[in-house]
Asker: 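Please find one structure pasted underneath; my questions will follow.
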2 protein chains.
Amino acid sequence: MPDSRTPSGDQPSDQTVPKVVVSRISLYLRELQRLQAAGQQTISSGTLGALLGFSDAQVRKDLGFFGQFGYPGVGYRCDELIHAMRDILGTNHRWPVVMVGVGNLGQALLGYRGFGRQNFSIEAAFDTDPSKVGTVIQGLTIRDVAELPEVVRRLGIRLGMIVVPADRAQEVADRLVAAGIDGIVNFAPVTLTLPPHVETVAVDLAIELEQLSFAVTNKFGKPAGEGPAGAQEPR
Amino acid sequence: MPDSRTPSGDQPSDQTVPKVVVSRISLYLRELQRLQAAGQQTISSGTLGALLGFSDAQVRKDLGFFGQFGYPGVGYRCDELIHAMRDILGTNHRWPVVMVGVGNLGQALLGYRGFGRQNFSIEAAFDTDPSKVGTVIQGLTIRDVAELPEVVRRLGIRLGMIVVPADRAQEVADRLVAAGIDGIVNFAPVTLTLPPHVETVAVDLAIELEQLSFAVTNKFGKPAGEGPAGAQEPR
DNA sequence: CGGTGTGAAAGTTTTCACAGCG
DNA sequence: CGCTGTGAAAACTTTCACACCG
C-alpha cells in the first residue's frame, strides 16, 4: 500500500470491525498457538482457513481489517501473527478479573486453566452466602460482595464475571458497574440492562444445547450435500 | 395468508434459516418464559425486542421464518409462542445427553439446573481416569468411556458434551461419533474434525473473555478516536 | 387504534478474481 | 511459482414502510 516495507501491523483500521470478524480472530489465534506449539513456522491463509472451515479469502479479509501481516508467496509467520492478534484482542497484557458467585460453576471457572493461558487471571472472587465468605477456593479467599468497590479500585480491575443465579444477576451487574468495571461476562441466563459504556458478553449454556437441538432436529430438512469436509463451525 | 383462521405455527419454512435467527429464537424463548412466570399473558414484537435490544421488525421477521404466531392489534400470546418456539427448537420433548469428562467443569455442568429447565437431562457421564470411574457425582455413577457405545444405544441418546482437555477432545469426539451420536457441544478449546452428518456447537470460555477484552480495549477507538488495535512493532 | 406480516430498499458480509510481489 | 491484499460482485441480513386486521 503506502510503501513497500516489511509487513507489519500498520493501521488502516478505522472502519468499524464486525463482531463476527473478531470472534474469528480468536479462532485464528487459538489455531496458530496450536500450530506454533507443533513447531510450524509459517502458514498460508488457505491452510489456516481449512483447519477451521473458512475460505482463504475470508481469512485474508478478516486480517485486512487490522493491517498487513503476510508475505506474498510465503504466507504468515506464526510468531508474528500470534503477536499481532494478541495486540488486536488486547491480550498481550495480563487482565485481572473479578468473579461474583462461587457456586458450582463459579468454582469450576476458578479452576479453569484456559483463562490463564490467554492472559486472564481471576484475582478476586465474591459471594453473598456467609457460609462461603472467608473460605478458600482454588487458592482464593472468597470475599463479601460489599468489598467489591474497594478491591476493584485497589487492583485496577476492569473485567468481571457474573456466575450467580438468574434472579440475582441484574443486582450483581449494577454493583459491578457501580464499582467501575468496564466489561462483564454474564453466565446467568438473563439479559442484563447496562449503561452503554459497559461492554458485555453473554454465555448461556442451555442456549448452546438448544442450538444443537435445533440443528439435529432439522438436519434432515435441510438442503442437500452440506459444506466442505468436517470442520467444526465456529460460533 | 391462505385463510383467516386462528394464528398458529404453520410452516412456510423451507427456506434455510440463518443461524443467527435461531440463536435469537432462544433468547426470545428465555425472555418469554420469564414474562410468563411474571404473569404476563401477551406481548408485542416491539416490547419483546426492546427487552433484548432488538427492533420490532427483527422480532417479526425472525418469527416469520417459522410461521404466523401473532394477533394483529394484540401481539403474541406468551403461552402459545413459548410452545411454538419449543417446537422450533425441538425442546418440547426431553433430550437425554451424555457427558464425557468429569473434571472441574464437567462436575459443575452435571450440577447445573439450567439444562433441565430447558428439557435437557444428563443421563450418563464418562471419564477415563480410573480414580473417577465408579465414583458417584451429582447422583450419577461415572462410567468408563469404553461403555459409551452400549449406553448411548441403550438409552437412545443423540447428544453429547465434550468436557475434556484440548488434547483429548478429538479422540473423544471420534468415540462419540462411533457410538452414533448426532450432535456435540464441545467445551474444549480446539476445533474438531467431524463427519458432515454430525452437528456441533463450540463453547470456548477463554474466547468469550477475549471478545470482551477486544470490546473494552477498543471502546474508545470507536466513534472518532484513533488507534484501535493495529499497533505492532515493525519487524 | 395498536399491532402483525411482508415485500422492497438499505446495509452488511462473503466470495470472487486478479494485480502485484518475493 | 505460490501466495497476499483488495476492489468489485454476489449473497445475505436488517430495516423500512405500509396493507391489512380485530
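Chain A is the first sequence line, chain B the second, and so forth, proteins listed ahead of strands; every chain is numbered from 1. For the numbers below, each heavy atom of this structure counts, side chains included, while hydrogens, waters and symmetry mates do not.
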Asker: Mind checking the CG-CD spacing from L209(B) to Q118(A)? Nearest 0.5 Å is all I need.
Answerer: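 So the gap between those two atoms works out to 10.0 Å.
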Asker: In whole angstrom, what separates R24(B)'s CZ from dT14(D)'s C1'?
Answerer: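 Answer to the nearest Å: 8 Å.
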Asker: Tell me the salt bridge (Lys or Arg N to Asp or Glu O under 4.0 Å) pairs involving residues 175-191 of chain B, sequence neighbours left out?
Answerer: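 Only K219(A)-D182(B), R158(B)-D182(B), E171(B)-R175(B) qualify under salt bridge (Lys or Arg N to Asp or Glu O under 4.0 Å).
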Asker: With sequence neighbours left out, what residues match R77(B) under salt bridge (charged side-chain N to carboxylate O under 4.0 Å, His left out)?
Answerer: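 R77(B): salt bridge (charged side-chain N to carboxylate O under 4.0 Å, His left out) contacts with D79(B), E80(B).
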Asker: Measure CZ/F65(B) against P/dC12(D) and give the value in whole Å, please.
Answerer: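 After rounding, the reported distance stands at 11 Å.
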Asker: What pairs with D174(B) under salt bridge (charged side-chain N to carboxylate O under 4.0 Å, His left out), at least two apart in sequence or on another chain?
Answerer: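 Residues passing salt bridge (charged side-chain N to carboxylate O under 4.0 Å, His left out) with D174(B): none at all.
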Asker: How would you list, by chain and number, every residue that makes a ring-ring contact (aromatic ring centres under 6.0 Å, His included) with H93(B), sequence neighbours excluded?
Answerer: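 Partners of H93(B) under the ring-ring contact (aromatic ring centres under 6.0 Å, His included) test: W95(B).
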Asker: Could you pull out all residues at least two apart from R24(B) that satisfy salt bridge (charged side-chain N to carboxylate O under 4.0 Å, His left out)?
Answerer: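 Partners of R24(B) under the salt bridge (charged side-chain N to carboxylate O under 4.0 Å, His left out) test: D62(B).
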Asker: Could you state the atom-to-atom distance from CG of L63(B) to P of dT14(D) in whole Å?
Answerer: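 Rounded to the whole Å, the gap is 13 Å.
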Asker: Please work out which residues in residues 44-62 of chain B have a non-hydrogen atom less than 4.0 Å from an atom of DNA chain C and list them by number.
Answerer: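 Listed by number, they are S44(B), S45(B), R60(B), K61(B).
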Asker: Return the value, rounded to whole Å, for the distance between atom CZ of F69(B) and atom P of dT6(C).
Answerer: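 Answer to the nearest Å: 11 Å.
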Asker: Just to be sure I understand the geometry, which residues of residues 27-42 of chain B put a non-hydrogen atom under 4.0 Å away from DNA chain C?
Answerer: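 Of all residues in residues 27-42 of chain B, none places a heavy atom under 4.0 Å from DNA chain C.
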Asker: Can you tell me the distance, in whole Å, between the OH atom of Y76(B) and the C1' atom of dG2(C)?
Answerer: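 So the OH-C1' distance, Y76(B) to dG2(C), works out to 13 Å.
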Asker: Tell me the interatomic distance from E80(A), atom CD, to dT4(D), atom P, rounded to whole angstroms.
Answerer: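 My rounded result for the distance is 13 Å.
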Asker: Only pairs at least two apart or in different chains count here, so list each salt bridge (Lys or Arg N to Asp or Glu O under 4.0 Å) that has a residue in residues 38-59 of chain A.
Answerer: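 Those involving residues 38-59 of chain A are D56(A)-R60(A).
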Asker: With sequence neighbours left out, write down each residue that passes ring-ring contact (aromatic ring centres under 6.0 Å, His included) with Y112(A), or none if nothing qualifies.
Answerer: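 Checked Y112(A) against ring-ring contact (aromatic ring centres under 6.0 Å, His included); matches are F115(A).
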Asker: Nearest whole Å is fine: how far is dG3(C) P from Q68(B) CD?
Answerer: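 The distance from CD of Q68(B) to P of dG3(C) comes to 19 Å, rounded to the nearest Å.
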